[in-house]
Amino acid sequence: MPEAARPNARWSLDFLADSFGASRKFRILAVIDDCRRHNLCLIADTSISGARVARELDALVRVHGKPACIVSDNGTEFTSRAILKWADKNGVPWHYIDPGKPQQNAFIESFNGSLRDELLNEEIFDTLDDARRKLALWRYDYNAVRPHSSLGNQPPLEARRALEQFEGPAPGALAQNNPPDYQSQTRRISL
C-alpha cells in the first residue's frame, strides 16, 4: 500500500452511525485524504448503498483529482459490484483491511474517534437535515480552523495549501493552473 506522502496518494473511507428523533438511525460516509488528514466529505443519510458511494467518489474526484489508492474495511457497500466497477473504471487500486484489524486503517479510525468525541457524542440531532447541518459545521472547523498536532499545529487545508505551493495542485482536479491550449492544436477536416 502506498505511503500517504502527498495529497491524493491514499484516501481512507469508513462509515459511522448515529440516530435522530425517536431512535431513527442514520449513517455517515467519511472520506479523508491521509496525507494531510483533510476530510473530503461527510455524507449523512438513512441508507447509503455502494452505488451512492461510487457517485460520491465521482464527485470527489472531479474536485480533488483521483487518488492513487483507496483503503476501507470489507463492508458490503465497499465490496459491492458498484464499487468494484468504479475502481476498475477509474484505475484506482482498492485495498481492504483485514477483518477485525481497524488499526490497518488508522487515519480514518482516528478521524472517526474525533468526530464521535467532538460531535456525535455531544449533540442531539432532531432531523436528518439537522445532522447534516451540524456535520457540515464540524467539518469546516476540522478542516479549516482547528490545529492538528500531526500537521505541525496547522489545520488540514492550510497544510495542504503549503504542500501544494511546492508540488502543485492535485492532478486531474477541475481547477488546474495550466489550462489546455486549444488554439495551437491543428485539426484536419476531410470532405
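Leu115 contributes atom CG, which lies 6.0 Å from atom CG of Leu42 (distance to the nearest 0.5 angstrom). The CG atom of Asp130 sits 9.5 Å away from atom CG of Leu135, with the distance rounded to the nearest 0.5 Å. Rounded to the nearest 0.5 angstrom, Ile83 CD1 and Tyr96 OH are separated by 7.0 Å.
Test Arg27, Lys25, Arg116 against Asp18 for side-chain contact (heavy atoms from CB on, under 4.5 Å) and you get one pass: Arg116. Shown are Asp34, Asp33, Asp73; of these, the side-chain hydrogen bond (donor to acceptor under 3.5 Å, both in side chains) with Ser12 is made only by Asp34.
In plain terms, the two heavy atoms of Arg37 and Cys35 that are nearest each other are NH1-O, 3.2 Å. Nearest heavy-atom pair across Lys66 and Asn90 is NZ-O, 2.8 Å. The shortest non-hydrogen separation linking Ala68 to Pro93 is O-CD, 3.0 Å. Nearest approach of Ser72 to Trp94, heavy atoms of both residues: OG-NE1, 2.8 Å. The two residues Asn105 and Leu13 make their nearest non-hydrogen contact at ND2-O, 3.7 Å. Residues Phe26 and Ala44 share a closest heavy-atom pair of CD1-CB, 4.1 Å.
No donor-acceptor distance shorter than 3.5 angstrom exists from the side chain of Glu77 to the backbone of Val53, with no hydrogens or angles considered. A side-chain donor-acceptor contact under 3.5 Å links Arg139 to the backbone of Leu40.
Salt-bridge check for Glu122 with Lys134: failed, with every basic side-chain N at 4.0 Å or more from each acidic carboxylate O. Of the charged side-chain nitrogens involved, at least one lies within less than 4.0 Å of a carboxylate oxygen, so that Arg132 and Asp129 count as a salt-bridged pair.
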Margin query: If you apply the rule side chain to side chain contact (heavy atoms under 4.5 Å, CB included), what do you find for Phe15 with Ile28, and how did you get there?
Written below: CA-CA 5 Å; Phe15 281 102; Ile28 303 164; over 6 Å; no
Check: What's the verdict on salt bridge (Lys or Arg N to Asp or Glu O under 4.0 Å) for Glu109 and Lys101, showing C-alpha distance, side-chain angles and the deciding distance?
Finding: CA-CA 11 Å; Glu109 293 299 334; Lys101 302 277 186 180; over 6 Å; no
Note to self: Between Arg24 and Ser19, does the side chain to side chain contact (heavy atoms under 4.5 Å, CB included) criterion hold? Intermediate values first, please.
What the structure shows: CA-CA 5 Å; Arg24 180 115 192 248; Ser19 61; 5.9 Å; no
Next item on the list: Run the numbers on Thr79 and Asn74 for side chain to side chain donor-acceptor pair (under 3.5 Å), then give the verdict.
Entry: CA-CA 6 Å; Thr79 58; Asn74 294 281; over 6 Å; no
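The hydrophobic clustering, which links ILVMFWY residues whose side-chain heavy atoms are closer than 4.5 Å, places Leu137 and Ile43 apart. Both Leu84 and Ile70 are part of a single hydrophobic cluster, where members link through side-chain heavy atoms under 4.5 Å apart. Tracing side-chain contacts under 4.5 Å through hydrophobic residues (I, L, V, M, F, W, Y), one never reaches Leu119 starting from Ile124; they form parts of separate clusters.
Under the 6.0 Å cut-off for aromatic ring centres, Phe111 and Trp138 qualify, their centroids lying closer than that.
Between His64 and His38, the ring-plane angle classifies as perpendicular under the 30° and 60° cut-offs.
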